[in-house]
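Okay, structure first, notes after.
Bear in mind that the values here come from a model prediction, so they are computed numbers and not experimental data. Below, chains carry the letters A, B, ... as their sequence lines are ordered, and counting in each starts from 1.
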Protein chains: 4
Amino acid sequence: MKWAMQRRCALVGVLVILLYTDVLSAQAQVRQEVRLPDILGYKTLKCDFHMHTVFSDGTVWPTVRVDEAWREGLDVISITDHIEYHPHKEDIPTQLNRPYEIALPRAKERGILLIRGAEITRDTPPGHFNAIFLEDVAPLETKELLDAMEAASKQGAFIWWNHPNWKPDKKGWLDIHTELYEKKYMRGIEVVNGLDYDAEVHAWAIEKNLTFMGDTDIHDPCPVDKSTPERHRPMTLVFAKEKTLEAVKDALVNGRTVVWHSDLLIGKPEYLEAIFDKAIAIRDFDYEGEDTIRCAIENRCDVALKMDRTRGPGPKELVIPPGGTVRLKLKVKSVESPTELSYVVRNFLVGPSKGLPVTLTIPGQVTVNIGVETQGK
Amino acid sequence: MKWAMQRRCALVGVLVILLYTDVLSAQAQVRQEVRLPDILGYKTLKCDFHMHTVFSDGTVWPTVRVDEAWREGLDVISITDHIEYHPHKEDIPTQLNRPYEIALPRAKERGILLIRGAEITRDTPPGHFNAIFLEDVAPLETKELLDAMEAASKQGAFIWWNHPNWKPDKKGWLDIHTELYEKKYMRGIEVVNGLDYDAEVHAWAIEKNLTFMGDTDIHDPCPVDKSTPERHRPMTLVFAKEKTLEAVKDALVNGRTVVWHSDLLIGKPEYLEAIFDKAIAIRDFDYEGEDTIRCAIENRCDVALKMDRTRGPGPKELVIPPGGTVRLKLKVKSVESPTELSYVVRNFLVGPSKGLPVTLTIPGQVTVNIGVETQGK
Amino acid sequence: MKWAMQRRCALVGVLVILLYTDVLSAQAQVRQEVRLPDILGYKTLKCDFHMHTVFSDGTVWPTVRVDEAWREGLDVISITDHIEYHPHKEDIPTQLNRPYEIALPRAKERGILLIRGAEITRDTPPGHFNAIFLEDVAPLETKELLDAMEAASKQGAFIWWNHPNWKPDKKGWLDIHTELYEKKYMRGIEVVNGLDYDAEVHAWAIEKNLTFMGDTDIHDPCPVDKSTPERHRPMTLVFAKEKTLEAVKDALVNGRTVVWHSDLLIGKPEYLEAIFDKAIAIRDFDYEGEDTIRCAIENRCDVALKMDRTRGPGPKELVIPPGGTVRLKLKVKSVESPTELSYVVRNFLVGPSKGLPVTLTIPGQVTVNIGVETQGK
Amino acid sequence: MKWAMQRRCALVGVLVILLYTDVLSAQAQVRQEVRLPDILGYKTLKCDFHMHTVFSDGTVWPTVRVDEAWREGLDVISITDHIEYHPHKEDIPTQLNRPYEIALPRAKERGILLIRGAEITRDTPPGHFNAIFLEDVAPLETKELLDAMEAASKQGAFIWWNHPNWKPDKKGWLDIHTELYEKKYMRGIEVVNGLDYDAEVHAWAIEKNLTFMGDTDIHDPCPVDKSTPERHRPMTLVFAKEKTLEAVKDALVNGRTVVWHSDLLIGKPEYLEAIFDKAIAIRDFDYEGEDTIRCAIENRCDVALKMDRTRGPGPKELVIPPGGTVRLKLKVKSVESPTELSYVVRNFLVGPSKGLPVTLTIPGQVTVNIGVETQGK
């Protein structure tokens with residue numbers, strides 16, 4: 001029966017045919033949404049508040065920053081060109097408000113919320129600071145740092161310290177930083193800048209209750225043409241009542257942020273916990289005999305869940321990639337009562353080298369229906 | 001100011017560090033979920049009801065089929081080795097029920113619903129037929145095709161015609177098929193087999209109200225190590241009340257299926273429409289002047305939406321990849337009343353070369369809040 | 001024996017661990033070489049002679065064009081900002097030679113050969129023309145097109161017609177083009193511009209013996225962060241004696257180019273044939289009985305080989321991806337004498353819709369050693 | 001001028017259109033060649049000498065192993081099913097020579113050199129040993145380990161110790177291993193098995209002058225559908241006079257192997273050095289003033305080069321991915337005489353945690369032409 005031999009090569013993997021039109025669409029117009037849940041009654045806005053253009057030492061026209069933000073799933077950005085540093089001024093006369101003005105119509109077209117901002121740039125120490133929610137950048141061009149801070153403050157700016165430890169030989173929290181902090185000029189700090197997470201800065205942010213900021217500080221074109229869970233730009237997740245300037249400012253002032261960097265989420269326990277709870281789904285329970293439970297654990301968000309067991313039942317390690325599911329077989333004391341699995345999510349950082357402790361509750365057999373109900377979907 | 005120059009190379013794209021443990025997890029244990037919505041009160045089960053093992057002319061051990069199904073996001077499978085064709089019988093003595101028996105414990109471990117099945121294999125014409133929901137395959141090993149059909153039928157099997165046109169020189173719907181159809185043996189038909197969609201078979205399925213089946217008929221190991229929207233195995237989406245044998249059978253008998261093949265969804269309009277409605281989200285409305293509306297259209301499922309305008313406002317073509325969003329700027333008669341956009345989804349096939357007509361409703365400015373509410377999320 | 005069961009999950013696929021340092025290297029500094037052979041005693045230079053910056057209507061600083069070219073494996077580029085069109089002039093005062101001057105030090109650093117150029121921009125018709133190998137762009141800013149052409153010509157420029165048919169309602173070869181051609185101003189033509197290959201222009205290029213040009217005409221940042229065979233920017237392959245301005249000009253003036261676009265190579269038969277001969281390797285001959293030969297055919301370049309049989313032995317179609325090998329089993333008249341396989345390479349275009357005819361020679365059994373020798377490696 | 005605005009979106013990245021036929025070719029028939037140079041007058045054969053099928057505790061039919069090897073660029077394989085362990089024997093009666101016999105015609109068809117082999121399987125310790133180049137596996141089925149060794153030895157087998165430390169609680173080189181070694185039964189050892197590289201075993205291999213083996217020990221279908229430099233199966237590179245059984249055996253007996261695992265090459269310095277010399281190309285020299293040299297360093301093979309400077313000029317770290325090039329700017333004592341850069345290739349392991357020391361010679365300005373000549377290409 002020759003036919004059966006011919007069928008042996010039947011393949012099942014199918015590649016979607018990619019036409020030019022698709023490519024055009026995909027690259028010119030399509031935004032890739034990031035899957036991160038809204039939490040605690042807030043919208044989770046994806047933000048990048050630190051970036052440059054040809055108007056200071058960047059290499060792109062301001063509209064490029066909007067296009068990149070749209071493609072990569074951001075909701076809110078601020079262009080923060082240096083006020084005091086203009087290496088292209090021979091060709092581009094300095095105009096401090098132009099990056100914002102040029103980018104604004106494109107931001108409106110794309111539905112990106114654009115915030116007027118600037119980088120107050122001093123030799124390190126004291127270093128660089130971003131001020132956003134400005135009405136006019138010009139008054140910030142002052143000789144004295146404190147004058148610039150006051151000018152920004154008068155406009156109601158939210159100000160934070162950029163890449164505090166970027167000069168290894170001149171790092172550290174100095175008196176000037178204490179002064180800026182006590183005068184309530186400086187209300188946030190970059191725990192992540194570009195590719196760098198700084199554990200010492202992380203500790204300062206916790207100790208001083210500064211808002212956690214994670215910024216790209218991007219100068220060149222974004223090297224990522226599409227955001228994927230494996231490859232995304234660092235961003236600040238802002239938990240805001242709505243997507244408006246006022247609501248974003250309220251969230252920043254009140255410290256409602258989490259930083260997403262590589263496979264790390266960095267922030268306060270209450271926000272990381274809320275994200276974890278919405279990301280995870282425990283389902284498909286299968287009870288066997290008196291002491292065996294099988295179930296599936298799904299990760300419904302774009303950040304991997306990397307968990308280490310702290311005690312009790314469960315596998316030593318649980319790693320669930322974005323959109324993935326693992327299946328467990330558990331030996332429990334009794335299938336009739338709920339079982340609690342104790343883990344630490346090692347890539348959800350509540351402090352330097354300190355993961356988020358979580359409990360996964362596997363419902364007992366008699367309570368299954370209720371258990372599933374509360375998982376929701 | 002040297003520092004700024006040093007900062008110029010700040011990069012933003014970050015690749016997650018992939019450790020061996022992740023790779024092990026990813027490949028050995030992790031299932032990639034497929035994003036396709038539940039519809040009309042039913043669960044959308046991802047199914048493949050046609051596959052082979054070393055027990056007929058396949059090249060893998062039965063447990064491999066379960067592992068593949070788990071990894072690629074399937075919920076239900078049936079192994080359907082040929083009853084009459086055993087090229088490996090010199091090494092593997094024929095045992096018609098063994099593939100099911102060997103795979104069952106692994107299916108239980110993985111949470112995959114496994115259905116006992118077999119392929120009734122005759123020279124073409126009349127060709128090959130799958131029977132599933134069997135209790136014992138042995139009684140189907142008969143000389144006469146009709147006897148095999150009756151034996152399957154007695155066990156309550158659901159039976160369909162496989163790859164009807166796979167032999168170009170011996171294709172066509174013949175008297176024998178009419179007989180099988182009229183005797184209610186044959187209740188489904190493979191619109192898709194492996195890489196092949198057959199438009200003529202699609203027309204027969206509609207004309208005779210046969211259940212749409214899309215099967216891999218896989219013989220070799222699955223070449224896809226992870227399901228992605230761009231690269232997935234063909235599957236039959238079954239709309240079932242729950243994930244049980246009875247519910248799947250009920251759905252198949254009553255024709256509640258859609259076939260997913262490449263970037264095509266093939267099925268009855270009511271199911272395609274329900275999927276479309278749940279996949280699409282229209283949001284972020286921005287009204288400008290009296291006649292301009294901007295909004296975003298998101299595709300929340302793993303099938304691309306490829307739409308052509310049939311009349312009225314809107315861009316000529318709208319292509320939204322899985323998880324992607326496009327932004328529209330519309331000139332409308334008035335921003336105050338709702339605007340309807342008329343498109344045909346060319347990759348949602350309700351018939352051969354016939355896409356699904358859809359209407360996208362953009363709410364008027366005064367009705368925004370209500371409009372958004374009904375989109376839900 | 002429990003151990004064996006534990007071994008069952010041994011995996012073999014290994015993902016290289018990607019550290020941040022690698023990513024930094026990979027994106028900031030690493031160039032991906034393109035595998036295309038040197039031919040006929042010439043070096044095969046990968047070139048893009050048409051691109052824009054913020055100094056006309058592009059969106060990047062000139063150095064970005066050099067960095068992109070380096071990363072994507074180009075050897076030679078020309079920045080060709082519009083002479084007459086400056087939408088950013090409110091912010092960037094017009095300076096026609098600045099893009100070249102700014103990019104030059106970066107080009108020297110990267111080892112990219114940079115050619116001073118400009119785009120002479122007129123309403124269509126007559127349209128746009130690039131002039132490169134200029135000493136000074138300023139004299140080309142004239143009211144009359146012919147004056148600009150003459151100014152360019154005086155500087156020894158090589159001039160070609162850009163995207164001739166880009167305005168569908170104003171397309172066609174007109175008297176003005178004949179004049180430019182006959183005056184030997186216009187010596188090349190864009191068969192490919194950005195995503196578009198134009199078959200009519202291809203025919204003109206052949207008829208008029210114009211140099212084949214394939215340019216990106218890129219305005220925004222390059223969306224491709226690494227060149228791969230599946231995803232590369234369109235380029236002009238220039239067959240030059242060496243990597244110098246003089247040698248590139250000599251090649252352009254004498255029509256020694258081939259355009260690489262998507263999976264197409266477009267050019268004169270002698271160049272396509274020379275590339276094909278160096279790309280293909282026929283080896284691993286296995287003779288069986290009197291009439292069966294098996295052998296492997298490898299594609300050693302970064303362009304796929306897609307061949308259709310024209311007559312005689314061999315499979316109907318042969319598709320060999322970059323760096324891939326297919327294996328053939330041939331029934332031949334006699335294994336003792338050479339066998340010729342006749343194919344057309346359908347993606348090596350010697351004319352509109354016209355592939356390159358090739359002959360693959362399989363040596364006879366007695367002549368194997370000699371045959372292999374001549375294949376070289 | 002509206003046209004220029006329309007051109008702004010011109011894109012340059014082009015995705016090759018992937019048709020079904022390509023996919024079919026790509027997956028069913030195409031082999032991806034691995035770029036690793038022939039060295040020292042030998043052919044570099046890519047080999048995997050340890051794998052399983054349904055005939056012991058694997059899950060695939062023997063032909064699958066040949067198909068996988070072909071796709072992933074291997075030249076030589078051996079199927080080594082356990083002699084003493086047959087979990088499928090209820091369904092597949094034991095036949096020790098069948099895996100080889102079934103796979104042989106497919107190997108001939110694909111041009112893969114297949115070696116008859118088997119795994120001599122004892123409780124650990126002493127553990128498992130592979131014997132290949134057998135004429136008949138049956139005589140190796142003995143009660144005593146030494147009898148099996150002698151039976152294999154009589155047939156001229158090459159024998160090595162598999163995954164020596166795979167049982168953490170029963171690991172170590174014991175008297176029995178010394179006996180096998182001294183009797184010259186055991187002439188190789190698995191430095192790499194599956195995903196695991198073992199530094200202690202590496203030390204033993206050096207100390208005892210055992211042949212370095214790197215095997216997959218694969219049981220399930222290969223999870224990699226195409227070999228890429230980032231994702232490849234572990235393999236043993238064998239430096240053989242030709243692709244014949246005799247030549248492979250000669251190379252194994254004489255220790256002419258290197259193991260490729262993840263991004264590591266593990267082996268004797270002379271072989272790693274020869275590979276490095278052929279992989280690297282230093283070119284495109286640019287001399288500036290009296291003390292500055294720029295040049296490009298290309299990696300022409302499929303293994304990344306990861307180098308750390310040991311002393312003198314050059315960047316602290318040099319990482320060159322497969323097919324990539326980096327560009328250096330060096331401050332040297334004088335551009336007129338050659339400059340030597342001293343590095344250690346940290347991923348070319350000549351011992352546990354010990355990279356290969358290399359010298360990169362940058363020719364002086366007057367000697368450039370000669371220098372380039374000797375680099376060859």
What part of D:E288 gets within 4.5 angstrom of chain C, counting heavy atoms only: side chain, backbone, both, or neither?
side chain

Per-residue contact mode, D:R327 against chain C (heavy atom under 4.5 angstrom)
both

Side-chain heavy-atom pair [X], [Y] within 4.5 angstrom cut-off:
{"X": "D:Y197", "Y": "D:V259", "answer": "no"}
{"X": "D:T53", "Y": "D:R65", "answer": "yes"}
{"X": "D:K108", "Y": "C:D286", "answer": "yes"}

Please state whether the side chain, the backbone, both or neither of C:K243 comes within less than 4.5 Å of a heavy atom of chain D.
side chain

Does a donor on one side chain sit under 3.5 Å from an acceptor on the other, for D:H128 and D:T121?
no

